[in-house]
Amino acid sequence: MTIVYQQESSFNLDEMLALYRASGINRPTDDSARMAIMLASSNLLITARQNGQLLGLARCLTDKAYVVYICDLLVDKAYQQQGIGKALLAAIQQATGPQVQQLLRSAPSAMQYYPQVGFTAIDNAFHIQRQY
């Protein structure tokens, strides 16, 4: 079966929450109002679907000219290790262009993944930790 990668301008919250839970990514999925704000405020959502079933998602913030921040890259655990994440990253680059830098913050469990798909670790970043 063919997996279709596409930009989506709207989303079904229940479908998205189910994917977040199925992926194992650590997000506040029990707080559906907060998740709805996170998704609605993202200006680039790229999905991976097979026969309409949502398998993966790249949730991003971008100015579309200089930088794109990849907030979430997730794939349903049942479909991981099949190249879906890598294809979602390629779809981000296709959507934003080669002049746009891709940035992300990796989960500790994915630190070995990103160099394998072309990312370079950086040490010139700062953050203020969220309180909840």
| For Pro28 against Arg34, the heavy-atom pair lying closest together | CG-CD, 3.9 Å

| query | Are the side chains of Gln102 and Phe119 in touch, meaning some heavy atoms are under 4.5 Å apart? | reply | yes

| message | Within the 4.5 Å heavy-atom criterion, are Val68 and Cys60 side-chain neighbours or not? | response | yes

| task | Look at the side-chain heavy atoms of Ile, Leu, Val, Met, Phe, Trp and Tyr, link any pair under 4.5 Å apart, and say whether Val117 and Ile70 land in one connected group. | result | yes

| message | Please find the pair of heavy atoms, one from Gly83 and one from Tyr5, that lie closest to each other, and give the distance. | response | O-OH, 4.4 Å

| task | Please indicate whether Gln82 has more than 12 foreign heavy atoms, meaning atoms of other residues, nucleotides or ligands, lying under 6.0 Å from its CD. | result | yes

| field | In one Ile/Leu/Val/Met/Phe/Trp/Tyr side-chain cluster, 4.5 Å: Leu103, Leu73 | value | no

| query | Has Gln131 got more than 12 heavy atoms of other residues, nucleotides or ligands less than 6.0 Å from its CD? | reply | no

| said: Strictly distance-based, threshold 3.5 Å: is any side-chain N or O of Asn51 a donor or acceptor partner for the main-chain N or O of Gln53? | reply: no

| query | Got a sec, which hydrophobics cluster with Leu74, joining ILVMFWY side chains under 4.5 Å apart, including via others? | reply | Phe11, Leu13, Met16, Leu17, Leu19, Tyr20, Ile25, Met35, Met38, Leu39, Leu45, Leu54, Leu57

| said: If hydrophobic clusters are built by linking Ile, Leu, Val, Met, Phe, Trp and Tyr wherever their side-chain heavy atoms come under 4.5 Å apart, do Ile84 and Tyr113 end up in the same one? | reply: yes

| Considering only heavy atoms from C-beta outward, does the side chain of Val100 approach that of Lys64 to under 4.5 Å? | no

| request: Heavy atoms only: give me the nearest Asn12-Glu15 pair and the separation to one decimal. | output: OD1-N, 2.8 Å

| task | List the atom of His127, the atom of Gln129, and the distance in Å for their closest heavy-atom pair. | result | NE2-OE1, 3.3 Å

| remark: One should read off an interatomic distance between Thr62 OG1 and Gln101 CD, to the nearest 0.5 angstrom, of 11.0 Å

| field | Minimum heavy-atom distance between Asp76 and Ala22, given as atom pair plus value | value | OD2-CB, 3.6 Å

| OH/Tyr132 to CG/Asp31 distance, rounded to the nearest 0.5 angstrom? | 8.0 Å

| said: Hydrogens and angles aside, do Gln6 and Glu8 bring a side-chain donor and acceptor to less than 3.5 Å of each other? | reply: yes

| said: Counting C-beta onward and ignoring hydrogens, is there a side-chain heavy-atom pair between Tyr69 and Arg59 closer than 4.5 Å? | reply: no

| request: Quick one: pull up SG in Cys71 and CZ in Arg105 and give me the separation to the nearest 0.5 Å. | output: 12.0 Å

| request: Answer whether the closest heavy-atom distance between the side chains of Asp30 and Arg21 falls below 4.5 Å. | output: yes

| Should we count CD of Gln81 as having more than 12 external heavy atoms under 6.0 Å? | no

| remark: All heavy atoms of Ile46 vs all of Ala95, minimum pair found to be CD1-CB, 4.2 Å

| query | Does the side chain of Leu55 reach to within under 4.5 Å of the side chain of Ile3, using non-hydrogen atoms? | reply | yes

